Amino acid sequence: MRKILVVGAGQSGLQIALGLQAQGYEVTLMSNRTADEIRSGRVMSTQCMFHTALQHERDIQANFWESQAPRIEGVGVSVAGPDGARVIDWVGKLDGYAQSVDQRVKMAGWMDTFAQRGGQLVIHGAAVGDLDYFSRTYDLVLVSAGKGELVSMFERDAARSPFDAPQRALSVAYVHGLGPRPEHPEFDAVRCNLVPGVGELFVMPTLTTSGRADILFWEGIPGGPLDVFQGIKDPSEHLALTLELLEKFLPWEYARATKVELTDAGGTLAGRYAPTVRKPIGRLPSGGLVLGVADVVVANDPITGQGSNSASKCAASYISSIVEHGDKPFDAEWMQSAFDRYWETAQHVTKWTNAMLGAPPEHVLNMLGAAGQLQPVADRFANGFNDPADFENFFFDPEKAAAYLESVAPGA
């Protein structure tokens, strides 16, 4: 029985651990926190998982909250004009629904399940020296802890990392009490509100520790009017500032938010990081090798909502590469090939995300505007969140975009 060590208990690390456990591997999972500490701690992310990523969870029988979490049936886009009115407003329908489950709920639940199924769970914040020791007793060590010392083992891939500084200041509040959405009260959607030159607000329904909730997620251009959350420790002050910015820049969203309250004292989060692609193989002082997972090796800005989706897709890809490799050694050549297989998917996410961080070119603005009149355009854009590879076909290139819009125009 092959022995695998997974360091880091996030979406990807836990999904790999549960998936390999189901395949009969002897898996050890190392986490710096217990399930109870995660469950009662601060929110860790925003997340909206689309159909393909949800299916990967179903495939390993880990979709425990599917019947409870809100079914997200669309992705909506609004653009604010200089006078605070909406100049663009539409919603595209998803072919398969999406869902969001607070990672405090999911990671704690998955960790308990891993232990109940006989997995070895080690509560320890691993350093490089620990991995040096453990690498001698495991056939493969996977590093899925996306922050801290361990990430430094993986060299930045400059050719794939156009940014060396954060492109957005991030601020999150989980709330109860958001009013119904008047545009489409009959179904839930993730709504993206663009404030040109300022940033973006995402609103998404989620399942949290206290039931149904909504996430208010500001992405502010650094140094701009939304970049004001650093240093705020008081959750109520964080929420008040979130709402103040809503009232100023997005009055149609603020109208729904006048009675909101935080889900819990841990329901806020703020930070920033530079989008980075890293080389997938880490070398330990002893010469041993470890393989980087998910946002250890491909960390995109959350502007396109791909973090948990990419983590799920990375886990599924790595599981397949491990199982198909059989009893052969997990050497550097295999590690590189496992990453390259995942990059075939991840490269589209990185290209799209980095494009969305810049000022949109004219053909993209035309596309967003056309989606308000042409439902097929809105629907295709929405479904790109599930399959970002499709953006290659109609989004990046002005000529392809024009040809696509012409093909769906009335009378075409």
Side-chain angles (χ1 to χ4, degrees), residues 2-21 23 25 27-32 44-45 47 49 53 56-57 59-60 62 103 106-107 110-111 114 119 121-122 125-128 130-131 134-135 138-157 160-161 273 275-284 288-300 306-325 330-332 334-347 349-350:
R2 308 209 79 180
K3 294 179 67 178
I4 312 283
L5 174 63
V6 180
V7 182
Q11 172 75 40
S12 205
L14 275 159
Q15 191 176 321
I16 289 172
L18 289 167
L20 291 177
Q21 185 182 49
Q23 297 268 6
Y25 288 77
V27 183
T28 300
L29 177 69
M30 189 175 285
S31 169
N32 64 350
M44 297 178 280
S45 65
Q47 62 288 308
M49 299 189 68
H56 290 320
E57 296 186 354
D59 290 343
I60 61 167
Q103 290 197 342
K106 185 191 285 186
M107 301 312 129
W110 276 3
M111 198 184 289
F114 174 76
L121 182 61
V122 177
V128 171
D130 298 311
L131 298 198
F134 285 120
S135 67
Y138 287 90
D139 297 301
L140 174 64
V141 176
L142 297 160
V143 177
S144 66
K147 299 181 180 72
E149 177 194 342
L150 299 184
V151 179
S152 65
M153 288 192 296
F154 301 91
E155 181 188 348
R156 181 174 180 267
D157 187 338
R160 292 171 171 171
S161 304
Y273 60 89
T276 308
V277 177
R278 298 182 181 89
K279 296 185 178 174
I281 303 170
R283 294 188 179 274
L284 297 164
L289 304 179
V290 296
L291 176 61
V293 179
D295 58 2
V296 170
V297 285
V298 184
N300 293 304
Q306 294 298 299
S308 56
N309 292 275
S310 292
S312 175
K313 291 171 182 177
C314 182
S317 180
Y318 277 17
I319 289 168
S320 295
S321 293
I322 290 166
V323 172
E324 290 164 14
H325 201 56
F330 295 114
D331 56 15
W334 174 84
M335 288 183 178
Q336 187 64 53
S337 72
F339 173 76
D340 290 345
R341 179 178 182 174
Y342 167 55
W343 181 249
E344 288 176 20
T345 301
Q347 64 179 324
V349 176
T350 296

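Since the model is a prediction, treat every value here as computed from it, not as a measurement. Count residues from 1 along the sequence.
- Across all their heavy atoms, L121 and F114 have their closest contact at N-CE2, 4.2 Å.
- Counting only heavy atoms from C-beta outward, the side chains of T28 and K3 never approach each other to under 4.5 Å.
- To the nearest 0.5 Å, atoms CD1 (I319) and NE2 (H56) are separated by 9.0 Å.
- When all heavy atoms of M107 and G10 are compared, the closest pair comes out as SD-C, 3.4 Å.
- Ring planes of Y318 and Y342: perpendicular class, angle over 60° (limits at 30 and 60°).
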Practice problem: Please assess L142 against I322 for the test side-chain contact (heavy atoms from CB on, under 4.5 Å), listing each intermediate value before the final yes or no. | Solution: CA-CA 11 Å; L142 297 160; I322 290 166; 4.1 Å; yes

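- Between S321 and F339 the shortest side-chain heavy-atom distance does not fall below 4.5 Å.
- Once rounded to the nearest 0.5 Å, the distance linking CD1 of I4 with CG of L29 reads 12.5 Å.
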Quiz item: Would W110 and E57 count as a side-chain contact (heavy atoms from CB on, under 4.5 Å) if you check the C-alpha gap in whole Å, the side-chain angles of each, and the deciding distance to 0.1 Å?
Solution: CA-CA 11 Å; W110 276 3; E57 296 186 354; 3.5 Å; yes

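- By the 4.5 Å heavy-atom criterion applied to side chains, F134 and V7 are not counted as neighbours.
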Quiz prompt | W343 vs T350, side-chain contact (heavy atoms from CB on, under 4.5 Å): CA-CA, chis, key distance, verdict | solution = CA-CA 10 Å; W343 181 249; T350 296; 3.9 Å; yes

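- In terms of heavy-atom proximity, C314 sits nearest to A294 at SG-N, 3.3 Å.
- The shortest side-chain heavy-atom distance between K106 and Q47 does not fall under the 4.5 Å cut-off.
- Side-chain contact between F154 and T276 is absent, with no heavy-atom pair separated by less than 4.5 Å.
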Quiz item: Stepwise, does the side-chain contact (heavy atoms from CB on, under 4.5 Å) test hold for S320 with R341?
Solution: CA-CA 10 Å; S320 295; R341 179 178 182 174; 3.4 Å; yes

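- Residues L291 and V141 fail the side-chain proximity criterion, which asks for heavy atoms closer than 4.5 Å.
- Expressed to the nearest 0.5 Å, how far CG of D295 lies from CD of Q306 amounts to 13.0 Å.
- Legend: residues meeting salt bridge (charged side-chain N to carboxylate O under 4.0 Å, His left out) with D157, ordered by chain and number and at least two apart, are R160.
- With rounding to the nearest 0.5 angstrom, the OG atom of S161 is 4.5 Å from the CZ atom of R156.
- Under the salt bridge (charged side-chain N to carboxylate O under 4.0 Å, His left out) criterion, R283 pairs with no residue at all, not counting sequence neighbours.
- Residues passing the salt bridge (charged side-chain N to carboxylate O under 4.0 Å, His left out) test with E155 are K279, sequence neighbours excluded.
- Annotation: side chain of Q103 is in contact with side chain of S308 (closest heavy-atom distance under 4.5 Å).
- Once rounded to the nearest 0.5 Å, the distance linking CD of Q15 with CG of D59 reads 9.0 Å.
- Side-chain contact between T345 and K313 is present, with at least one heavy-atom pair separated by less than 4.5 Å.
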